Every structure is written in C-alpha cells, then in structure tokens.
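Because the structure is a prediction, the values reported are computed rather than measured. Numbering starts at 1 and runs along the sequence shown. Just so you know, these numbers use all the heavy atoms, side chains as well, and skip hydrogens, waters and symmetry mates.
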Amino acid sequence: DGEQAKPSFHGYFLERLDGFERRRGPSGPQRRTANREYLAFKEFYDWLPGRENVGELGAGTCTGPIAYKNIEVLESDLANIKDAIDQRQCSDVFYPSIAPTYVAATRGNEYYKTFEEYEQAMADAMAVEFKAIVAAGSVVQIDDPRIISYYTNMPDKSIAECRRWAEHHVEVLNYAL
C-alpha cells in the first residue's frame, strides 16, 4: 500500500491538510534546463521530450492556516497495511510520508508572512501523520526528493552551501519527528 494507495504522492497531502487550495498550473510538457545534469548533457536533454505538468489537476497553494484535517484517510491506509501483513512474519513495515520541507519548498504560500513560518506550520501538521504512523507500529519513511537532488538542481550553489541547506532540512524533519 503506502505510495500505491495515494493518487499522487506529491499531492496526497492536499486531501489531508487544511490551508491549501488547488490552483491550475501550466499544462503541457515542462523542462528543467538549469540543473547540472542538463548543463553537462545538453544535447541529450534537448532531444528528450519534457515531462507533463499537473495542468488541469492543479498544484496546492497555501491560502490559510495549515492543520491536519483528514486523519480518517491515514487511519484507513494504516489499517490496510495491518490487514495486508496480518498473520505474516514482518520485522519492519514502513509507511511513506511526504516531508514538510518538500511541500513548503515546492508549493506556493500566500498566507504565512515568512518562509520559516510556512515551513514550521507544515512540520507541525505533518508531525500528526508521522506520530500516527509510529503509533500504528510502522516505520515512517520520509520522502524528500530534494535532499538528493538539490545539488544537481542548483548548479550555482557550492557543495558547502548545499550541505548547509540539507542540514537545515534535516533539522526541520527532526523537529517534526
């Protein structure tokens, strides 16, 4: 179950958190042309078709106070996992959850005065999910694809700057846990 039960891993939080509304984004293929990999292999990426954007579905934009609202959906997911492993020998069962730092960095904010307030509110809200997962006996797998891709996607940043960025994100995750 885990990721498979989610209609969109990068958007599932929209059904679980108050404070967001979907906003229509650009449709059609989108390209990332400013990362280190593109710059190193420009000929390949110029040939490769772009990725489809969320377009009609829309991405979440923070427009109000963030709070966890739909614990029933999470409880249903966790019950599905429990049912799936019932009568089976399992040492660890993990449940994936999106990192609050990922959401704050990739979804617009029209409510909080500062990015730090926005990130803190996301961490507080996602802490509800993290704690429920642990209480159900599962291991929380926190997904933040930016932790691994930040260096590649920010060719203007030094290794030291990327490390400082990552250290801050780990601090926020530790707070939420």
Side-chain angles (χ1 to χ4, degrees), residues 1-20 22 32 35-37 51 53-54 57-62 64-85 88 90-109 111-112 114-154 157 159-177:
D1 206 342
E3 277 189 46
Q4 299 305 312
K6 295 172 176 67
S8 160
F9 194 69
H10 298 284
Y12 84 94
F13 68 91
L14 293 171
E15 71 183 13
R16 299 183 188 196
L17 299 179
D18 273 330
F20 288 89
R22 287 191 184 271
R32 292 182 183 162
N35 68 35
R36 291 175 203 271
E37 189 170 315
R51 295 177 59 185
N53 200 354
V54 293
L57 177 61
T61 298
C62 179
I66 300 171
Y68 210 93
K69 69 175 179 182
N70 207 345
I71 196 78
E72 298 81 17
V73 174
L74 174 61
E75 289 170 344
S76 175
D77 285 352
L78 294 170
N80 288 341
I81 290 172
K82 186 175 180 180
D83 289 347
I85 63 169
R88 290 179 178 78
C90 299
S91 58
D92 281 325
V93 176
F94 72 89
Y95 184 89
S97 189
I98 197 77
T101 50
Y102 179 82
V103 175
T106 61
R107 301 300 187 254
N109 167 37
Y111 179 77
Y112 293 95
T114 67
F115 180 77
E116 291 74 21
E117 289 176 13
Y118 178 37
E119 195 173 53
Q120 177 80 38
M122 272 304 306
D124 288 337
M126 291 307 293
V128 172
E129 181 162 302
F130 301 159
K131 289 174 183 166
I133 293 166
V134 171
S138 293
V139 173
V140 180
Q141 174 190 308
I142 300 185
D143 284 354
D144 188 346
R146 294 188 50 185
I147 291 285
I148 192 70
S149 64
Y150 188 78
Y151 174 78
T152 300
N153 289 332
M154 299 296 179
K157 304 286 185 199
I159 291 174
E161 289 172 309
C162 292
R163 283 185 180 151
R164 281 192 299 277
W165 176 90
E167 287 168 357
H168 167 75
H169 281 71
V170 169
E171 286 174 14
V172 172
L173 291 174
N174 286 338
Y175 165 82
L177 292 170

**Report entry** Worked verdict on Met126 versus Ile142 for side-chain contact (heavy atoms from CB on, under 4.5 Å)
**Finding:** CA-CA 10 Å; Met126 291 307 293; Ile142 300 185; over 6 Å; no
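- Residues that satisfy the side chain to side chain contact (heavy atoms under 4.5 Å, CB included) test with Ile148, not counting sequence neighbours, are absent from this structure.
- Contact between Pro96 and Tyr12 at its shortest, heavy atoms only, is O-OH, 4.5 Å.
- Distance CZ/Arg164 to CD/Glu167: 8.5 Å, rounded to 0.5 Å.
- Listed here is the closest heavy atom pair of Ala125 and Leu17: CB-CD2, 3.8 Å.
- Judged as a side chain to side chain donor-acceptor pair (under 3.5 Å), and not counting sequence neighbours, Asn109 has no contacts.
- Atom OH in Tyr102 sits 5.5 Å away from atom CZ in Arg107 (nearest 0.5 Å).
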If you look only at distance, which donor and acceptor atoms sit under 3.5 Å apart when one is on a side chain in residues 169-177 and the other is two or more places apart or in another chain?
unit_1 : atom_1 : unit_2 : atom_2 : d
His169 : ND1    : Trp165 : O      : 2.9
Asn174 : ND2    : Val170 : O      : 3.4
Tyr175 : OH     : Gln120 : NE2    : 2.7
Tyr175 : OH     : Asp124 : OD1    : 2.4

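- Applying the side chain to side chain contact (heavy atoms under 4.5 Å, CB included) criterion to Ala121, with sequence neighbours excluded, gives Ile66, Tyr112.
- For Val139, the side chain to side chain contact (heavy atoms under 4.5 Å, CB included) test picks out Asp92, Phe94, with sequence neighbours left out.
- To the nearest 0.5 Å, atom OG of residue Ser97 and atom CG of residue Asp144 are 11.0 Å apart.
- Shortest non-hydrogen contact noted between Ala104 and Tyr118 is O-CE2, 3.3 Å.
- Partners of Glu161 by side chain to side chain donor-acceptor pair (under 3.5 Å), not counting sequence neighbours, listed by chain and number: Ser158.
- Judged purely by atom type and a 3.5 angstrom limit, Asp18 has no side-chain atom pairing as donor or acceptor with the backbone of Lys69.
- By the side chain to side chain contact (heavy atoms under 4.5 Å, CB included) test, Leu74 pairs with Arg16, Tyr68, Ile71, Leu78, Tyr95, Glu129, Ala132, Ile133, sequence neighbours left out.
- With sequence neighbours left out, Phe20 forms a ring-ring contact (aromatic ring centres under 6.0 Å, His included) with Phe13.
- Atoms CZ and OG1, on Arg146 and Thr101 in that order, are 8.0 Å from each other to the nearest 0.5 Å.
- One finds the CD1 atom of Ile98 at 10.5 Å from the CD atom of Gln141 (value rounded to the nearest 0.5 Å).
- In this structure, the separation between CG on Asp77 and OG on Ser138 is 10.5 Å, given to the nearest 0.5 Å.
- Under a 3.5 Å cut-off, the side chain of Ser149 and the backbone N or O of Thr152 do not form any donor-acceptor pair.
- Nearest approach of Cys162 to Lys157, heavy atoms of both residues: SG-CB, 3.7 Å.
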